[in-house]
Amino acid sequence: MNAAQIERFFATLKAANPAPQTELEFSSVFELLTAVLLSAQATDVGVNKATKRLFAVANTPAQILALGTEGLESHIKTIGLYRSKARHLLQTCRILIDRHGGEVPRSREALEALPGVGRKTANVVLNVAFGEPTMAVDTHIFRVGNRTGLAPGKTPLAVELGLLKRVPAAYLVDAHHWLILHGRYVCQARKPLCSACAVADECDHGRQLKSAAA
DNA sequence: ATCCCGAGGG
DNA sequence: CCCTCTGGAT
């Protein structure tokens with residue numbers, strides 16, 4: 001994809017959705033961190049069901065610690081990887097209280113030091129909670145970056161760096177959400193909806209389909 | 001490279 | 001049945 005195509009790609013997504021947001025439900029930075037930590041290899045629909053139950057009972061580090069392992073697991077058992085997520089979340093709550101005054105830290109370094117929080121989760125928190133122009137490369141963005149030719153790469157980090165370099169500055173903060181929503185609802189893993197795609201002309205894969213049909 | 005791991009869709 | 005879902009730790 002060349003620069004003009006990239007510009008049209010994001011201008012089109014922006015026109016359709018001027019203020020994109022995460023579909024995870026939260027009402028505080030700590031709830032956001034918790035939801036994102038739980039979202040690994042899970043759908044946001046599934047995470048929202050679990051956090052609705054969990055936050056009704058506990059939505060602060062101290063309250064979640066008080067649940068204990070069994071109590072916490074009972075609320076998130078419907079999500080995949082729930083045992084490791086429960087363990088990591090409890091460890092993270094302990095660290096938030098002991099080292100960060102019960103608050104979610106704002107630096108990448110401190111975020112990534114939390115158990116269960118890697119580069120992708122830190123990028124989401126930095127973007128959604130603190131408005132930073134980060135690129136959290138999840139399964140959707142990895143696929144869209146490669147399939148469209150927007151930012152090809154063999155690893156999530158390679159795609160992230162490619163996006164940070166190639167996405168025009170004016171689109172950078174919201175690009176994360178446009179790419180996720182595009183991947184979730186249009187540029188799907190199994191059967192991408194290319195015939196209904198608004199940016200097929202700006203996409204390597206979309207143009208390939210056209211030339212094959214012609 | 002491998003493990004973790006439930007729900008939903010095809 | 002198989003694949004996918006806002007990954008991270010070992």
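Each chain gets a letter, A, B and so on, in the order its sequence line appears, and its residues count up from 1. Just so you know, these numbers use all the heavy atoms, side chains as well, and skip hydrogens, waters and symmetry mates. Predicted model, so just to flag it, every value in this text is computed and none were measured.
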Requested in this report: Classify the nucleic acid contact of A:K191 as base, sugar-phosphate or nothing, counting any heavy atom under 4.0 Å across all strands shown.
Outcome: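 Touches nothing.
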Requested in this report: Remember a base hit wins even if backbone is also touched, and classify A:K85 as base, sugar-phosphate or nothing at under 4.0 Å, heavy atoms.
Outcome: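 No contact.
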Query raised in the report: With no hydrogens and no angle check, do the side chains of A:T78 and A:R53 hold a donor and an acceptor under 3.5 Å apart?
Result: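 Yes, side-chain donor-acceptor contact under 3.5 Å.
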**Report entry** Between A:E31 and A:N59, a side-chain donor and acceptor under 3.5 Å
**Finding:**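 Looking only at side-chain atoms, A:N59 and A:E31 do form a donor-acceptor pair, the distance falling under 3.5 Å.
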**Report entry** Carboxylate-amine/guanidinium proximity below 4.0 Å for A:R119 and A:E160
**Finding:**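 A salt bridge is present here (some side-chain N lies under 4.0 Å from a carboxylate O).
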Query raised in the report: If we take the P atom in both B:dT2 and C:dT6, what is their distance in whole Å?
Result: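 The same atom, P, in both gives a distance of 25 Å.
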**Report entry** Distance, P atom - from B:dA7 to C:dG8, rounded to whole angstrom
**Finding:**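 My reading of the P atoms in C:dG8 and B:dA7 gives 22 Å.
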Using a 3.5 Å cut-off and no angle test, enumerate the donor-acceptor pairs between side-chain atoms of residues 133-140 of chain A and protein atoms at least two apart in sequence or in another chain.
residue: A:T134; atom: OG1; partner: A:N123; partner atom: O; Å: 2.7
residue: A:D138; atom: OD1; partner: A:H140; partner atom: N; Å: 3.2
residue: A:D138; atom: OD1; partner: A:I141; partner atom: N; Å: 2.9
residue: A:H140; atom: ND1; partner: A:R143; partner atom: NH2; Å: 2.9

Query raised in the report: Should the heavy atoms of other residues, nucleotides or ligands under 6.0 Å from CD of A:Q63 be counted, would the total exceed 12?
Result: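 Above 12, so yes.
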**Report entry** Heavy-atom neighbours of A:R106 CZ exceed 12 at 6.0 Å
**Finding:**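 For A:R106, atom CZ is not crowded (no more than 12 foreign heavy atoms under 6.0 Å).
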Query raised in the report: Between which nucleotides of DNA chain B, 5' to 3', does chain A make heavy-atom contacts below 4.0 Å?
Result: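 Contact span on the strand: B:dC4 to B:dG9.
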Query raised in the report: Where along nucleotides 2-10 of chain C does protein come under 4.0 Å, by heavy atom, of base (B) or sugar-phosphate alone (S), with - for untouched nucleotides?
Result: BBSBBBSS-
Query - Parallel, tilted or perpendicular: ring planes of A:F10 versus A:W178, cut at 30 and 60 degrees - result: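 Ring orientation, 0 to 90° scale: tilted.
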Requested in this report: Check whether any side-chain heavy atom of A:L90 sits under 4.5 Å from a side-chain heavy atom of A:L67, and report yes or no.
Outcome: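 No, every pair of side-chain atoms sits at 4.5 Å or beyond.
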